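Reading through the structure tokens given below for one structure.
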Amino acid sequence: TFPMKLWLLVNSPCVHSVRWDARGEGVFIDQGLFEQELLGVGPGAAEEEELFKTKNFGSIVRQLNLYGFHKLTVSPASSAVVSMPRSATAGGDTSYPDGPLHHFWNPHFRYNRPDLLVKIKRLTKANKEKLDAGLEVTSRLPDDFQ
């Protein structure tokens, strides 16, 4: 699922375009770097297997919105990142030189809490009706996260 892909990306030492915020309660996405690193757009784009079926960053934002992520305003104070071990090539640099920095938040997307991912639901018409009626919407995590 999309939330699971995002979880794996933000926790991967090889991915530099998606990082936890300082509180581990939201993610920063560096749009320019994300497009290069994960969507295969622009110079230096990886020739790896496509992780997403799109090259359009707007489609990624749409997916985030569909799964209940909210965009937060990025201020210099909020852009401090959780100190994570980074590879030597990254040099521990926390700046984002490549483009717009986006901050997204979901109450069930937390650092060190993969168990909460099951609570992130795609906002389909049926799920929205259930939520509006006060009913719970459930999904299953892949077996390796049980």
Side-chain angles (χ1 to χ4, degrees), residues 1-128 130-131 137-146:
T1 67
F2 182 83
M4 179 61 64
K5 280 183 188 174
L6 186 61
W7 174 264
L8 295 172
L9 290 174
V10 73
N11 288 300
S12 167
C14 303
V15 174
H16 304 291
S17 58
V18 184
R19 301 186 195 168
W20 289 107
D21 65 15
R23 295 168 58 184
E25 295 180 353
V27 290
F28 285 115
I29 301 176
D30 175 332
Q31 182 177 338
L33 192 54
F34 188 94
E35 287 172 341
Q36 266 187 22
E37 197 175 42
L38 301 168
L39 300 182
V41 176
E47 290 297 321
E48 295 171 36
E49 177 188 334
E50 287 185 6
L51 188 61
F52 300 104
K53 293 183 178 94
T54 182
K55 291 194 179 304
N56 184 340
F57 187 76
S59 296
I60 300 298
V61 172
R62 210 165 19 261
Q63 284 293 308
L64 284 159
N65 293 330
L66 267 176
Y67 281 96
F69 283 81
H70 301 281
K71 189 168 183 188
L72 304 175
T73 307
V74 175
S75 68
S78 73
S79 60
V81 293
V82 172
S83 56
M84 299 283 190
R86 289 276 167 208
S87 65
T89 54
D93 183 14
T94 56
S95 67
Y96 290 85
D98 293 305
L101 182 62
H102 303 277
H103 191 188
F104 288 95
W105 175 86
N106 180 303
H108 305 300
F109 198 83
R110 295 278 185 266
Y111 178 66
N112 276 345
R113 293 295 308 275
D115 56 300
L116 294 178
L117 291 174
V118 290
K119 294 178 178 277
I120 300 177
K121 309 295 181 275
R122 193 162 195 269
L123 293 175
T124 60
K125 190 170 186 252
N127 283 352
K128 188 167 178 358
K130 282 183 185 175
L131 291 170
V137 180
T138 56
S139 67
R140 235 171 62 75
L141 272 180
D143 293 332
D144 54 343
F145 275 88
Q146 293 287 339

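From a predicted model like this one, the values you see are computed outputs, not experimental measurements. We're numbering straight along the sequence, starting at 1.
Considering CZ of R110 and CZ of R23, their distance stands at 8.0 Å, rounded to 0.5 Å. Rounding to the nearest 0.5 Å gives a distance of 8.0 Å between CG of L33 and CG of L38. Separation of atoms CZ (R19) and CD1 (I29) is listed at 12.5 Å; rounding is to 0.5 Å. Residue L72 holds its CG atom at 8.0 Å from CG of D21, rounded to the nearest 0.5 Å. The distance from the CZ atom of R122 to the OH atom of Y67 is 5.0 Å, given to the nearest 0.5 Å. Atoms NZ and CG, from K121 and N106 in turn, are 10.0 Å apart once rounded to the nearest 0.5 Å.
Between P3 and I120, the shortest heavy-atom contact is CG-CG2, 3.5 Å. Heavy atoms only, all atoms of each residue included: E37 and S17 are closest at OE1-OG, 2.5 Å.
In this structure, V61 and F104 have side chains that are in contact, with non-hydrogen atoms separated by less than 4.5 Å. V10 is listed as a side-chain neighbour of F109, based on a closest heavy-atom distance under 4.5 Å. Proximity of V27 to L9: side-chain heavy atoms (C-beta onward) are nowhere separated by under 4.5 Å. With contacts defined as side-chain heavy-atom distances shorter than 4.5 Å, the pair L39/I60 qualifies. Inter-residue side-chain proximity for V15 and F34 is flagged as unmet; no heavy-atom pair is nearer than 4.5 Å.
Every residue two or more places apart in sequence or in another chain that forms a side chain to side chain donor-acceptor pair (under 3.5 Å) with K71 is listed here: H102. Remark: R113 engages D115 in a salt bridge (Lys or Arg N to Asp or Glu O under 4.0 Å) (not counting sequence neighbours).
Ring geometry, W20 versus W7: the interplanar angle exceeds 60°, so the pair is classed perpendicular (tilted spans 30 to 60°).
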